[in-house]
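All remarks here apply to the structure that follows.
Convention: sequence-line order gives letters A, B, ...; per-chain numbering from 1. The structure presented is a predicted model; accordingly, all values stated were derived computationally and were not measured.
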Number of protein chains: 2
Amino acid sequence: MDTVVQTRRLGLEGSQTRARFIDAAEEVLRDEGLPALTARQVAAKAGLKTQLLYYYFRTMDDLILALVRRVNERRLVRFEAALAAPEPLRALWELNSDPTGAALASELSSIATHREAIRAEIVRSAENFRALQIEAVSRLLVPDGSRSAAGIVMIAVALARMIVSEAALGLTDGHAEALVIVEQMLDRLSTPKQTAP
Amino acid sequence: MDTVVQTRRLGLEGSQTRARFIDAAEEVLRDEGLPALTARQVAAKAGLKTQLLYYYFRTMDDLILALVRRVNERRLVRFEAALAAPEPLRALWELNSDPTGAALASELSSIATHREAIRAEIVRSAENFRALQIEAVSRLLVPDGSRSAAGIVMIAVALARMIVSEAALGLTDGHAEALVIVEQMLDRLSTPKQTAP
DNA sequence: GTCTATACTTCGATAGAC
DNA sequence: GTCTATCGAAGTATAGAC
């Protein structure tokens, strides 16, 4: 039996209207948070009718999934750009310190925790991105043997994310001291001169 | 003119029923996420009538504020217990690595980002807790002068939080390598023997 | 303190005309 | 593709009886 379960509605992929809904969803999620990510509020932000959203997305979960995929694609593009920068390690740090990306990542992580349908997609792309970053950092490090690129990536990503999200709340205690450590590390690791034996 | 704006309802502070609502709110927030934190679902989890919630809390924001305060008080108690442990630095790391606390902290941080009324309370207690942790770590460190307790606290807290929240999603890439670094640090910092001059 | 009853809004989603 | 019209459930919150 052919599983043609989807009997009634349509939906197009390359549509510009569809993209407007995804844009609006991203904006709502970033600015108002997860409880505001509703069909009505997304449509209002897009300047379109609520019911039209259901022509392009079967359910709200489908819209969120489309948003997740677009966020991930954009992150990969920016990652490649960072690797091509004059100081790639510093560019990676700045990529991970982007406030817009951090706010979205935080909300998406919250979605992944509680929505089975979204979790797989988020985890899969997070694993992919983590592997790419570890590989890149491993190539960029001064090869002094004792350092684990994976550990450094974990610490840097975690620290960047926390600093950005706390700063958005107006909480900055300890940030300056942590950034001093990061700067020292970036200076040391980015300059491939010989260190003392 | 006396501002006796609150004309109609009552509400008691030490009530046991009130505590049950807060318990239920914590459980709902941790297990189902922020969009599920509604009067109906909290009351259902508590096994009480929805309307009764409004006898104890004027609005949902009031309930969330009560939850925030209780989470903060409990965290301070656990912090004091960690300081009294045989290996305080390790106990602090484990406190920050508690999955229940991390899940709640993540959701509360999301609330703080988008709700003005809650933000102040969360930021205030986060600043207080950060200061206490930095002070404690500063006292516990081997005094080799070159280390910033504030920076170490930032890195440790950020790393613990990310590891726990990612592990809850089934994402563990890089965790083992990061934990090796933490263990090395804990071993080195917790043992107050003289290091090389 | 707890209950019933209720007002009004917003939610996701669908049917069917144009 | 976009529209009008609509459904039933769930949202916050209040009034008033017991």
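Within the 4.5 Å cutoff, the side chain of A:Gln133 has heavy atoms near those of the A:Asn96 side chain. Proximity of A:Leu132 to A:Leu76: side-chain heavy atoms (C-beta onward) are separated by under 4.5 Å at one or more points.
Between B:Arg69 and B:Asn72, the side chains place no donor N or O within less than 3.5 Å of an acceptor N or O (distance only, hydrogens not considered).
Between C:dG12, D:dT12, D:dG1, one nucleotide has an atom nearer to the side chain of B:Met60 than all others, and that is D:dT12. In the set D:dT12, D:dT2, C:dC11, D:dT12 carries the atom at the smallest distance from any side-chain atom of B:Ala39. Checking D:dC3, C:dT10, C:dT4 against every side-chain atom of A:Lys49, the shortest atom distance belongs to D:dC3. Of the candidates D:dT12, C:dT10, C:dT4, C:dT4 carries the atom nearest the B:Gln51 side chain, counting heavy atoms from C-beta on. Here the side chain of A:Leu52 is nearest to one of D:dG1, C:dC11, C:dC3, namely D:dG1. Each of C:dT14, C:dC11, D:dG1 was ranked by its minimum atom distance to the side chain of A:Tyr54; first place goes to C:dT14. Out of C:dC11, D:dT12, D:dT2, the shortest distance to the side chain of A:Tyr55 is found at D:dT2.
DNA chain D is contacted by no residue of residues 13-35 of chain B, taking any non-hydrogen atom closer than 4.0 Å.
Rounded to an integer number of Å, the gap from B:Ile64 CD1 to D:dG11 P is 14 Å. D:dA15 atom P lies 13 Å from atom CZ of B:Arg58, rounded to whole Å. Between the CG atom of A:Leu37 and the P atom of C:dT10 there is a distance of 17 Å, rounded to whole Å.
Between A:Phe21 and A:Tyr56, the ring-plane angle classifies as tilted under the 30° and 60° cut-offs.
A:Ser110 approaches A:Leu34 most closely through the heavy-atom pair OG-CD2, 4.5 Å.
Between D:dA10 and B:Arg40, no contact under 4.0 Å exists linking OP1 or OP2 to a side-chain N or O. Between A:Gln41 and C:dT10 there is no side-chain N or O to OP1 or OP2 distance below 4.0 Å. Contact annotation: A:Tyr56 side-chain N/O to D:dG1 OP1/OP2 distance is not under 4.0 Å.
Between the A:Asn128 side chain and the A:Arg124 main chain, no donor and acceptor come within less than 3.5 Å of each other. At least one donor-acceptor pair under 3.5 Å links the side chain of B:Thr38 to the backbone N or O of B:Gln41.
Using a 4.0 Å heavy-atom criterion, one finds that B:Thr59 contacts the sugar-phosphate atoms exclusively.
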